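Have a look at the structure below before the remarks.
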Amino acid sequence: MATRAMLRLRAFAKRTVPFHSSISRSASTLVLAEHEGGSIKASSVSAVAAASSLSKDNSISVLLSGLGPSLQEAASHAASCHPAVSQVLVADSDQFTYPLAEPWAKLVHFVQQRGGYSHIIAPSGSFGKNILPRAAALLDVSPVTDVIEISEPNLFVRPIYAGNALCTVRYNGANPCMLTIRSTSFPVPPTSADSKYNQAPISQVDLSTFGEDSKGKSRYVKQTSQNTERPDLGNARIVVTGGRGLKNAENFKMIEKLAEKLGAAVGATRAAVDAGFVPNDLQVGQTGKIVAPELYMAFGVSGAIQHLAGMRDSKVIVAVNKDADAAIFQVADYGLVGDLFEVIPELLEKVPERK
């Protein structure tokens, strides 16, 4: 009796029609790009690189918004930033003077209604995390976040459990498939001054029917940034990070001096940021910035899971800690058990000045 029931179940399973994704074979992707100072950010170029890996015949449109000459310069840069870019869409309006989530999300919905894209991609930073979930809600789809690998147009890999495990996700929802990508997983090869790509066409988004009430309940107050010549933390080749072991903000200046000598960016653990040693824009970790430099140097960093999630993809990891059992040594390529208050001054003395 049980055998007959099993046979009936198997027969039914063979007759069942599998549910296929509504994503078309011919992909068309909209990349949400962030710009500053007349050029799009490196994380947005990585988003274009991720979009180019979806399929060979993928048509990629880059969406920019803002106001004035700076926007037009950024559009020109976006049009030639990557050979896969098919066109650049520009929304020039005072509604987009600042990248607030509400007007941007409504802009994405507005452009999607007219373009019918199969995918929408944004970098997995504060810009993408702020806009994409709200836009996904307007489009009534579920986004796939923090993607580190694109296996197929609807099959993605993303980290879970603070990067201790990888999850493969198949998207079976309606178009568009919305993604945020970890920019460090989609590096863009450096280009020389001589290698310039053909400039893609630039088109203005017709905002004549775009609602004027798109600012919602949030408003721009101010933006603060550090005036420094150090490389950007998210894209630096070398990162020097300090942890709670530095004890106070005054001691943290040793990290900054070492970074200046190495031409490196400065990072910090969440514990150091919470203690007020440095501003939170220097935080590396699951709730901070995800970095993958060629060299990552950690001083006084214990190696909490939250921090390791933000730097474990670094090419070479060097750790200095007086605790021989610190978790940071489990991921470090080179480790030194010692007092950082003796190690850093010695490094400052022996490391030559960066030319």
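Sequential numbering from 1 along the given sequence is applied to the chain's residues. Because the structure is predicted, anything quoted here is derived from the model rather than measured.
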Tell me, with the steps shown, if Y296 and V318 meet side-chain contact (heavy atoms from CB on, under 4.5 Å). CA-CA 6 Å; Y296 188 88; V318 177; over 6 Å; no
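- Taking both residues in full, the closest heavy atoms of S55 and A27 are given as OG-CB, 3.6 Å, listed atom of the first, atom of the second, then distance.
- A salt bridge does not link D339 to K322: none of the charged nitrogens lies less than 4.0 Å from a carboxylate oxygen.
- Y334 and M311 are members of different hydrophobic clusters when ILVMFWY side chains are connected at heavy-atom separations under 4.5 Å.
- Ring planes of H119 and F156: perpendicular class, angle over 60° (limits at 30 and 60°).
- I148 CD1 to S183 OG: the interatomic distance, rounded to the nearest 0.5 Å, is 12.5 Å.
- Aromatic ring centres of F210 and F96: separated by under 6.0 Å.
- Judged by distance alone, with hydrogens and angles left aside, the side-chain atoms of S314 form no donor-acceptor pair with the main-chain N or O of I317 at under 3.5 Å.
- Side-chain N/O atoms of Q199 and S80 include no donor and acceptor closer than 3.5 Å.
- The NZ atom of K41 sits 7.5 Å away from the CG atom of D232 when rounded to the nearest 0.5 Å.
- The side-chain heavy atoms of V90 and Q72, taken from C-beta on, include a pair separated by under 4.5 Å.
- Looking only at distances, a side-chain donor or acceptor of S46 sits under 3.5 Å from a matching main-chain atom of F186.
- For E294 and R237, the salt-bridge test passes: some basic side-chain N is under 4.0 Å from an acidic carboxylate O.
- Judged by the 6.0 Å and 45° rule, R114 forms a cation-pi pair with F110.
- Residues N175 and Q112 have side chains that never bring a donor and an acceptor to within less than 3.5 angstrom of each other.
- Contact record, I40 with A78: CG2-CB, 3.8 Å, taken as the closest heavy-atom pair.
- By the ring pair (Phe, Tyr, Trp, His ring centres under 6.0 Å) test, Y161 is found to be paired with no residue, residues two or more places apart in sequence or in another chain being considered.
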Can you list the steps and then say if S61 with Q87 is a side-chain hydrogen bond (donor to acceptor under 3.5 Å, both in side chains)? CA-CA 5 Å; S61 300; Q87 68 169 336; 3.0 Å; yes
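- Within a 6.0 Å sphere centred on CD of Q113, other residues, nucleotides and ligands contribute more than 12 heavy atoms.
- A donor-acceptor pair under 3.5 Å links the side-chain atoms of N58 to the main chain of A51, judged by distance alone.
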Any chance you could lay out the side-chain contact (heavy atoms from CB on, under 4.5 Å) test for V343 and L347, step after step, and finish with the verdict? CA-CA 6 Å; V343 174; L347 284 173; 4.1 Å; yes
Checking H307 against R270 for the side-chain contact (heavy atoms from CB on, under 4.5 Å) test, could you report, in this order, the C-alpha distance in whole Å, the side-chain angles of both residues, the deciding distance, and whether it holds? CA-CA 7 Å; H307 181 74; R270 179 171 178 172; over 6 Å; no
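- Looking at E73 and S39, their side chains never bring a donor and an acceptor atom within 3.5 Å of each other.
- Cluster note: L155 groups with no other residue, as no ILVMFWY side-chain heavy atom lies under 4.5 Å from it.
- Only one option out of V62, L64, V88 pairs with I202 in a side-chain contact (heavy atoms from CB on, under 4.5 Å); it is V88.
- A single hydrophobic cluster is not seen to contain both L166 and I150; linkage of ILVMFWY side chains at heavy-atom distances under 4.5 Å, directly or through other members, places them apart.
- In summary, the side chains of T29 and Y117 do not present any donor paired with an acceptor at a separation below 3.5 Å, with no hydrogens or angles considered.
- One finds the CG atom of L67 at 4.5 Å from the OG1 atom of T97 (value rounded to the nearest 0.5 Å).
- Between F127 and W104, the angle of the ring planes goes over 60°, which puts this pair in the perpendicular group of the 30/60° scheme.
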Stepwise, does the side-chain contact (heavy atoms from CB on, under 4.5 Å) test hold for L340 with N321? CA-CA 7 Å; L340 61 87; N321 199 301; over 6 Å; no
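- A continuous path of hydrophobic side-chain contacts links L262 to L246 [ILVMFWY only; heavy atoms under 4.5 Å].
- Rounding to the nearest 0.5 Å gives a distance of 9.0 Å between CZ of R134 and NZ of K106.
- Using a cutoff of 4.0 Å between basic side-chain nitrogens and carboxylate oxygens, E346 and K350 are scored as salt-bridged.
- With S65 contributing its side chain and A91 its backbone, the two residues share no donor-acceptor pair below 3.5 Å.
- Taking hydrophobic clusters as Ile, Leu, Val, Met, Phe, Trp and Tyr residues chained together by side-chain heavy-atom distances below 4.5 Å, M254 shares a cluster with I238.
- With rounding to the nearest 0.5 Å, the separation of OG in S44 from CD1 in I181 is 8.5 Å.
- Atom-to-atom distance recorded for S118:OG and L30:CG is 10.0 Å, nearest 0.5 angstrom.
- Connection of L54 to L32 is established within a shared hydrophobic cluster, with ILVMFWY side chains joined at heavy-atom distances below 4.5 Å, either directly or through further cluster members.
- Using a 3.5 Å distance cut-off with no hydrogens or angles, the side chains of T287 and Q283 do pair a donor with an acceptor.
- At distances below 3.5 Å, at least one donor-acceptor pair connects side-chain atoms of K261 with backbone N or O atoms of L348.
- Atom NZ of K257 is surrounded by 12 or fewer heavy atoms from other residues, nucleotides or ligands within 6.0 Å.
- Here the shortest heavy-atom pairing between E256 and V266 reads CA-CG2, 4.1 Å.
- Listed for the T269 side chain is no donor-acceptor partner under 3.5 Å among the backbone atoms of V301.
- Side chain to side chain, T145 and R158 meet the donor-acceptor criterion of an N or O pair below 3.5 Å.
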